[in-house]
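Heavy atoms only: backbone and side chains are in, while hydrogens, waters and symmetry mates are out.
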Amino acid sequence: MEMSGPGVSRHSRTVKRRWWGRLRQQWKLLGLFEIDQQHEFYSLTCMMKEGLCAAVQNTIDNRLPLSEDDYTLEVTQIHKDFRMETYAGPVFASLRRSLGMTEKEYQQSLSSEGSYLQFISNSKSKADFFLTNDKRFFLKTQSKREVRFLLSNLRIYMEHLEKYPHSLVHVVFCVQKYFIVMQSVFYPDDRITARYDIKGCEVSRWTDPAPEGSQIIVVLKDLNFEGQFIQLDQQRPWLLRQVKIDTAFLQTLNVLDYSLLLAHQPLHQDELSQSLSFATLIMRAKKSVNATSSPTPTSQNRRLLPNFKNPLHVIDGPEQRYFIGIIDIFTVYGFKKRLEHLWKSLRHPRQTFSTVSPPAYCHRLCQWVQDHTK
């Protein structure tokens, strides 16, 4: 017999939450999970889909030259069960277009019929992480303070991306209340063999790898990368210079605790001996995923140095293809972080930890890249 009613519904949700909590513990908070109708975030992600679809349609229907007012524009759209607030929509739409992405393509990915995916990581952040069904776009909840920080610095953020079209600073495609949309650094992920989150320090920077043969996605950390190198050869000077430029920019924003995301996959056998001509770069883009398992990405999905403006970097070394980006640029070095720095200095003497001043953080991450590239 099947019962219904408010009391039964609340009990059912409670049971599901407890079951989901046990499952999280069992898998150590790692991996990707489809957000189906039994998932605790199903209703939320359905609203996100509907709201984002309408927000993008608004920029499609009202495409005008950017004005000064667009940087502070807030648009509220009322839906049946919720409302969606979009900040500086025309500015982010202009950014997407400048990177070769059509609004229809963006809208289709965000609002496709397939369920969103929840990414459960080993991050200490309290944010919730979601991916679109095609794994192309990453949605992350943000605090009101973080959203306001980005919006207050939106103009200089856009100027930096315009001046340095190959900046590693991750491009934000959309700001809602209160979450942001970004393109996944690890897209397309079919053949990626390892992923890392690098902060350039030691304390709490080790993650147990996934068991052999496991399908769990684990993002490793600094200490997991020890003894390895990013093998770039002729691309190395460019990377060192761009990391220096980007971290100097973040230092001017007085932020810290950002991460250098890094992933790699092996080159195909027939790519190993070829020169980095324009034609070769296009061919390599087409081979970056298995044709049998995913649609072939066009060049606009990737940033193939040195020829394209795009929100992702895919850099080929002699044997590996690397995916690189700088994320989480919203932590300001304020009073609380200064106290945290003092406490960690006492607790972890002679060890490096993430909470240091922005100049020290900038220098340390640049040094890490210098020491771990060839």
Side-chain angles (χ1 to χ4, degrees), residues 47-77 83-112 116 127 129-132 134 136-185 187 246 249-250 253 255 258 300-301 303 308-313 325-330:
M47 288 188 287
M48 292 168 77
K49 273 189 184 184
E50 181 182 343
L52 286 168
C53 182
V56 177
Q57 190 63 47
N58 187 53
T59 60
I60 293 174
D61 296 338
N62 300 283
R63 181 174 176 179
L64 297 169
L66 278 183
S67 69
E68 186 69 25
D69 292 339
D70 288 330
Y71 284 85
T72 56
L73 181 65
E74 298 183 15
V75 174
T76 301
Q77 293 176 300
R83 69 179 189 176
M84 176 80 81
E85 294 186 20
T86 303
Y87 300 105
V91 177
F92 291 106
S94 175
L95 174 60
R96 294 191 294 268
R97 287 192 295 268
S98 75
L99 298 170
M101 180 175 297
T102 69
E103 291 295 90
K104 283 294 185 182
E105 173 189 11
Y106 176 65
Q107 184 186 53
Q108 182 179 3
S109 183
L110 290 175
S111 57
S112 66
Y116 279 3
F129 301 85
F130 308 108
L131 283 101
T132 53
D134 58 8
R136 183 172 181 183
F137 294 102
F138 207 90
L139 298 91
K140 179 184 178 184
T141 58
Q142 303 283 162
S143 68
K144 180 178 180 180
R145 178 191 57 78
E146 291 169 330
V147 167
R148 289 300 176 188
F149 171 77
L150 174 60
L151 294 175
S152 66
N153 291 285
L154 182 56
R155 183 173 292 282
I156 58 175
Y157 173 77
M158 298 290 287
E159 289 173 352
H160 180 79
L161 295 178
E162 183 176 357
K163 184 175 182 180
Y164 301 102
H166 292 303
S167 169
L168 294 169
V169 175
H170 207 193
V171 176
V172 175
F173 279 167
C174 177
V175 177
Q176 311 292 148
K177 183 181 180 179
Y178 289 105
F179 66 91
I180 61 174
V181 180
M182 305 169 286
Q183 186 157 326
S184 172
V185 173
Y187 174 83
D246 288 332
F249 166 67
L250 296 175
L253 297 180
V255 298
Y258 43 88
Q300 71 183 33
N301 292 335
R303 187 178 266 176
F308 292 95
K309 293 174 69 175
N310 203 274
L312 291 185
H313 272 288
I326 296 176
I327 66 164
D328 294 340
I329 61 171
F330 306 107

Next on the checklist: Quick one about Asp246 and His160 (side-chain donor to acceptor, distance below 3.5 Å, no hydrogens or angles considered), yes or no?
Outcome noted: yes
Next on the checklist: Does Val175 form a side-chain contact (heavy atoms from CB on, under 4.5 Å) with Thr86? I'd like the steps, not just the answer.
Outcome noted: CA-CA 6 Å; Val175 177; Thr86 303; over 6 Å; no
Item to check | Distance-minimising heavy-atom pair for Cys174 and Tyr106 | outcome: CB-OH, 3.2 Å
Item to check | Neighbour count above 12 (heavy atom, 6.0 Å) for Arg63 CZ | outcome: no
Item to check | Verdict with supporting geometry, Ile60 and Lys104, side-chain contact (heavy atoms from CB on, under 4.5 Å) | outcome: CA-CA 8 Å; Ile60 293 174; Lys104 283 294 185 182; 4.0 Å; yes
Checklist entry - Rounded to the nearest 0.5 Å, what separation is found between the CG atom of Leu110 and the CZ atom of Arg136? => result 9.5 Å
Checklist entry - Where do Val185 and Gly325 come nearest, in terms of heavy atoms and distance? => result CG1-N, 3.9 Å
Checklist entry - Got a salt bridge between Glu146 and Lys140, using NZ or NE/NH1/NH2 to carboxylate O under 4.0 Å? => result no
Checklist entry - What class does the angle between the rings of Tyr87 and Tyr178 fall in, given that below 30° is parallel, 30 to 60° is tilted and above 60° is perpendicular? => result parallel
Item to check | Residues, nucleotides or ligands: over 12 heavy atoms within 6.0 Å of Gln108 CD | outcome: no
Item to check | Chi angles and distances behind the side-chain contact (heavy atoms from CB on, under 4.5 Å) call for Leu154, Phe92 | outcome: CA-CA 10 Å; Leu154 182 56; Phe92 291 106; 3.7 Å; yes
Checklist entry - Is the distance between the ring centroids of Phe130 and Phe138 under 6.0 Å? => result no
Checklist entry - Can you tell me how far OG of Ser167 sits from CD of Glu162, rounded to the nearest 0.5 angstrom? => result 12.5 Å
Item to check | Distance (rounded to the nearest 0.5 Å) between Met101 CE and Leu95 CG | outcome: 9.5 Å
Next on the checklist: Using 0.5 Å steps for rounding, measure from the CG atom of Leu64 to the OG atom of Ser94.
Outcome noted: 12.0 Å
Checklist entry - How many angstroms lie between atom CD1 of Ile329 and atom CZ of Phe149, to the nearest 0.5 angstrom? => result 7.0 Å
Next on the checklist: Using side-chain heavy atoms (C-beta onward) and a distance below 4.5 Å, is Leu139 in contact with Leu131?
Outcome noted: no
Checklist entry - Could you give the distance from OH (Tyr157) to CG (Leu250), rounded to the nearest 0.5 Å? => result 10.0 Å
Checklist entry - Taking NZ, NE, NH1 and NH2 as the nitrogens, is one of them in Glu105 or Arg97 under 4.0 Å from a carboxylate oxygen of the other? => result no
Item to check | Full working for side-chain contact (heavy atoms from CB on, under 4.5 Å) between Leu151 and Thr72 | outcome: CA-CA 8 Å; Leu151 294 175; Thr72 56; over 6 Å; no
Checklist entry - Does a donor on one side chain sit under 3.5 Å from an acceptor on the other, for Gln107 and Gln57? => result yes
Next on the checklist: How close do Met84 and Leu52 get, counting heavy atoms only, and between which atoms?
Outcome noted: CE-N, 3.8 Å
Checklist entry - Do the side-chain N and O atoms of Thr59 and Glu103 include a donor-acceptor pair separated by under 3.5 angstrom? => result yes
Item to check | Close side-chain approach of Glu50 and Gln77, heavy atoms under 4.5 Å | outcome: no
Checklist entry - Looking at Tyr258 and Val255, what are the two nearest heavy atoms and their distance? => result CE2-O, 3.7 Å
Checklist entry - Is it the case that Ser67 and Asp69 place a side-chain donor and acceptor less than 3.5 Å from each other? => result no
Item to check | Partners passing ring-ring contact (aromatic ring centres under 6.0 Å, His included) against Phe330 (at least two apart in sequence or in another chain) | outcome: none
